[in-house]
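Just so you know, ligand 1 is whichever comes first in the structure, and atom 1 is the first atom listed for that ligand. In this chain, numbering begins with 1 at the start of the sequence shown.
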Amino acid sequence: MNKLSVLVIYTGGTIGMKAHPVTGELVPFRFEHVLEEVPELRKFGFRIDTYSFDPIIDSSNIVPEFWVKLALLIEEKYSLYDGFVILHGTDTMGYTASALSFMMENLEKPVILTGSQLPIGMPRTDGKENFISAVEIAAKKNQDGHAMVPEVCIFFQERLFRGNRAFKYNAEEFRAFRSPNYPPLAEAGIHIKYNSHAISYPAVWGKKLKVHTRLGTDVAILKIFPGMEEKVVQAVLHTPGLRAVVLETYGQGNAPSLDWLLDLLAKAVAGDIIILNITQCPAGRVSMDSYACGARLKEVGVISGYDMTTEAALTKIMLLTGLYTSNENVKRFLDIPLSGEF
Ligand code: ASP
């Protein structure tokens with residue numbers, strides 16, 4: 001029988017950093033050392049190959065072109081492995097996971113992103129457990145021989161999340177990620193318990209992986225706050241070439257009922273700019289019918305992003321504006337879940 005196989009892709013981030021001997025700053029070190037730090041991986045008996053980006057990056061430096069490189073790498077190696085683990089900085093892991101979930105259509109193999117809050121070489125690192133569990137999940141099959149979790153996921157501190165539902169919630173604690181609007185796909189204790197009801201499986205297996213590589217970047221995120229000035233909103237909405245805005249509103253999708261704000265939003269919509277409403281709350285969903293302040297937004301043509309995370313909303317818009325030149329098509333697909341994102 002063939003050995004189960006996992007490709008580990010190293011992009012950078014804290015998991016592979018060490019303190020600079022002189023400045024004490026955290027700087028990346030070479031990937032071979034990361035593997036040396038986790039000899040436990042050999043005990044699985046899997047074939048584990050590695051690929052390291054060069055240069056490796058702090059994930060704060062991530063750009064859409066990097067997501068394209070990642071997706072194309074997975075496409076190139078897709079038939080050779082049972083699953084993929086991406087070691088990634090935590091700062092933008094939610095964005096990368098969301099982007100990949102939309103870019104890789106018909107995905108049938110696990111793509112598990114993980115990282116750590118403490119470098120892997122440190123005695124109290126959280127990196128080892130995250131890395132080892134991510135590899136085990138990436139190779140896991142169910143009884144019919146298909147992948148147990150054929151999705152883009154984030155594994156962090158004992159929990160496996162759908163990638164486009166999770167976001168970095170805590171800058172210090174080991175439990176850095178949360179997914180308040182969707183249950184974990186698996187929980188790792190003595191055993192890894194899979195929540196198969198929450199995992200999305202293809203209706204028909206065997207479809208060819210399709211990677212979308214065009215991502216639009218004429219997008220903006222606008223967070224509503226008390227005292228927001230007209231000139232600020234104007235500056236964003238009058239950005240040349242702008243196609244869509246993720247509007248982060250209060251509560252269930254409410255914004256101040258200010259004439260100038262509603263007027264600017266109405267003019268933007270009339271000028272074919274998509275305004276997608278998501279809530280600033282980490283949990284719950286937009287429901288523009290609940291309050292008059294939300295209803296006004298709906299009246300001027302703002303559309304609902306339901307319970308999407310900012311990361312999912314932004315990257316979904318990037319994918320759709322990359323795919324379609326007409327915003328009518330973008331709007332149509334914004335209202336359909338593409339990868340379980342709402
Ligand atoms: N700045 C780092 C990064 O995102 C933090 C981390 O890895 O946790 O690359």
Exercise for review: Assess R285 against Y306: is NZ or CZ under 6.0 Å from the centre of the six-membered ring, and within 45 degrees of the ring's axis?
Suggested key: no

Check your understanding: When you measure from the centre of the six-membered ring of Y78, is the NZ or CZ of K109 under 6.0 Å away and within 45° of the axis?
Key -> yes

Review point. Does ligand 1 have an atom that lies less than 4.0 angstrom from a heavy atom of A176?
Key: no

Exercise for review: For atom 8 (O) of ligand 1, find the nearest protein heavy atom and state the residue, atom name and distance (0.1 Å precision).
Suggested key: T90 OG1, 2.3 Å

Exercise for review: Look at atom 1 (N) of ligand 1 and say which protein heavy atom is nearest, naming residue and atom and giving the distance to 0.1 Å.
Suggested key: D91 OD2, 2.7 Å

Review point. For K168 and ligand 1, does the shortest N/O to N/O distance drop below 3.5 Å?
Key: no

Exercise for review: For ligand 1, find out whether one of its N or O atoms is nearer than 3.5 Å to an N or O atom of S59.
Suggested key: yes

For ligand 1, which atoms have a heavy atom of [X] less than 4.0 angstrom away?
X	value
G13	7 (O), 9 (O)
T14	2 (C), 5 (C), 6 (C), 7 (O), 8 (O)
S116	8 (O)

Exercise: do [X] and [Y] side chains pair donor with acceptor under 3.5 Å:
X	Y	result
T11	H88	no
N164	S98	no
Y194	N142	no

**Study point:** With L247, the side chain to side chain contact (heavy atoms under 4.5 Å, CB included) member among T279, I224, I303
**Key:** I224

